[in-house]
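To keep things clear, I will list the structure first and then write my remarks on it.
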Amino acid sequence: MNFPTAPKTIAELEQRIELMAGLTLGEIANELDVMVPEDLTVEKGWAGQLIEAYLGATAGNLPEPDFQHLGIELKTIPIDSSGKPLETTFVSVAPLSGEITGTWQDSTVYKKLNHVLWVPIIAERKMAIPHRQIATPFLWKMTKHWESELSRDWQELTDLIVFGHHDKINATHGQWLQLRPKAADSSVRTDAYDQQGNPVKAPPKGFYLRTDFTRQLLTQQFQLDTL
DNA sequence: GCGTGATCATTG
DNA sequence: CAATGATCACGC
């Protein structure tokens, strides 16, 4: 099967996402000759990887934007029929060891969220996978306002890591971003530092966007669409 | 084992 | 029923 190649320009990407609006996951899977799972319990990232393949995203599992040449990150977001996000959005793993004292603009969170192609998918749990439908994908560039908001959260969460407060790290910190487990299971441990700066083991964490953030983005986008 | 893609499942 | 904590597949 021929998978699409990466779009060379933003204009080309914009053309492709216009053609994608309204398609169901079943239609896209059929076009790519991909089997559709019964449910996502054992293939949780299936929809995201399907859309990546459909749009020719190239970064694979590198910690870089999906469309490397364009510097654009692809994020699918499950929504209900009213447009409300159903899940938080994973951003990137949080570094717990090595150089964790960098600046906001050096962070993987900034690099991933600076320029994003959001692909909302109407995907209520009761809907069969093939019937789930691409809504209106849109390109989003981080504004000064959101950069101010997100960098504040990032600093708060990063401080917890830098100061070794692993016992206090949970999903309740941060207004828009949060830290949550990111591992195969709860027994996994990775290298980190304690409060004295000595090496210890701690549960791996990831940065996630709360649904409040994506809900606001979608609301803004919806208003623009109706102008 | 880590980082990519995320959603599941239990709890308050 | 939303939010937090737990979990699954894949590539390397």
Side-chain angles (χ1 to χ4, degrees), chain A residues 3 6 25 28-29 32 34-68 72-82 84-100 107-109 111-113 116-129 132 134 137 153 157 160-161 166-192 199 201-216:
Chain A
F3 287 93
L25 297 186
I28 292 175
L32 297 181
V34 166
M35 295 290 295
V36 182
E38 281 297 311
D39 60 67
L40 299 182
T41 309
V42 293
E43 286 183 74
K44 297 177 179 177
W46 182 80
Q49 290 167 343
L50 181 78
I51 303 304
E52 280 189 345
Y54 188 69
L55 290 176
T58 55
N61 64 338
L62 300 175
E64 297 181 13
D66 294 295
F67 299 100
Q68 295 164 287
I72 294 175
E73 172 72 12
L74 171 63
K75 288 285 170 214
T76 60
I77 171 70
I79 60 173
D80 68 13
S81 51
S82 75
K84 193 183 79 170
L86 295 171
E87 294 288 347
T88 57
T89 303
F90 171 70
V91 179
S92 61
V93 298
L96 303 185
S97 65
E99 298 181 29
I100 54 178
S107 71
T108 57
V109 174
K111 288 175 182 171
K112 292 230 168 200
L113 295 184
V116 181
L117 170 59
W118 296 98
V119 180
I121 303 176
I122 304 171
E124 288 164 13
R125 288 199 189 183
K126 67 185 180 192
M127 292 174 69
I129 312 289
R132 299 184 181 184
I134 310 293
D153 275 2
L157 300 176
L160 290 173
I161 296 169
H166 299 287
D167 52 335
K168 293 180 184 167
I169 295 181
N170 57 47
T172 65
H173 302 285
Q175 183 178 2
W176 312 108
L177 288 166
Q178 61 183 172
L179 286 169
R180 301 224 308 281
K182 177 60 175 170
D185 59 67
S186 56
S187 74
V188 176
R189 295 293 183 275
T190 192
D191 292 334
K201 295 288 187 179
K205 301 289 180 182
F207 287 104
Y208 292 77
L209 287 166
R210 296 180 181 278
T211 53
D212 267 358
F213 176 86
T214 39
R215 185 178 52 75
Q216 293 211 17

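In what follows, every chain begins at residue 1, and chains take the letters A, B, ... in the order their sequences are listed.
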Heavy-atom protein contacts under 4.0 Å, nucleotides 6-12 of chain B, coded B base, S sugar-phosphate only, - none: BBBB---

Salt bridge flag under 4.0 Å for residues E87(A) and R210(A): no

Distance-only polar pair, side chains of S81(A) and E124(A), donor-acceptor under 3.5 Å: yes

Gap between atom CG of L74(A) and atom CZ of F67(A) - 0.5 Å precision: 5.5 Å

Most 5' of K84(A) and S187(A) on DNA chain C, judged by nearest nucleotide: K84(A)

Under 4.0 angstrom between T211(A) side-chain N/O and dA2(C) OP1 or OP2: no

Which residues share a salt bridge (charged side-chain N to carboxylate O under 4.0 Å, His left out) with D39(A), sequence neighbours left out: none

Integer-rounded Å distance: dC10(C) P and M35(A) CE: 14 Å

Gap between atoms CG and C1', on L96(A) and dG1(B) respectively (whole Å): 14 Å

Interatomic distance, H166(A) NE2 vs dG5(C) P [rounded to whole Å]: 16 Å

Whole angstrom value for the distance that separates C1' of dT4(B) from NZ of K112(A): 7 Å

Distance (rounded to the nearest 0.5 Å) between Q178(A) CD and D212(A) CG: 10.5 Å

Between dT4(C) (C1') and I169(A) (CD1): distance, integer Å: 15 Å

Rounded distance (Å) that lies between atom C1' of dG5(B) and atom CZ of F67(A): 14 Å

Of the listed nucleotides dT4(C), dA2(C), dG5(C), the one nearest the side chain of N170(A): dG5(C)

Q178(A) CD - dA6(C) P separation (whole Å): 13 Å

Gap between atoms CG and P, on L50(A) and dC10(C) respectively (whole Å): 15 Å

Donor-acceptor under 3.5 Å (H173(A) side chain, K168(A) main chain): yes

Heavy-atom side-chain contact between I161(A) and I169(A) under 4.5 Å: yes

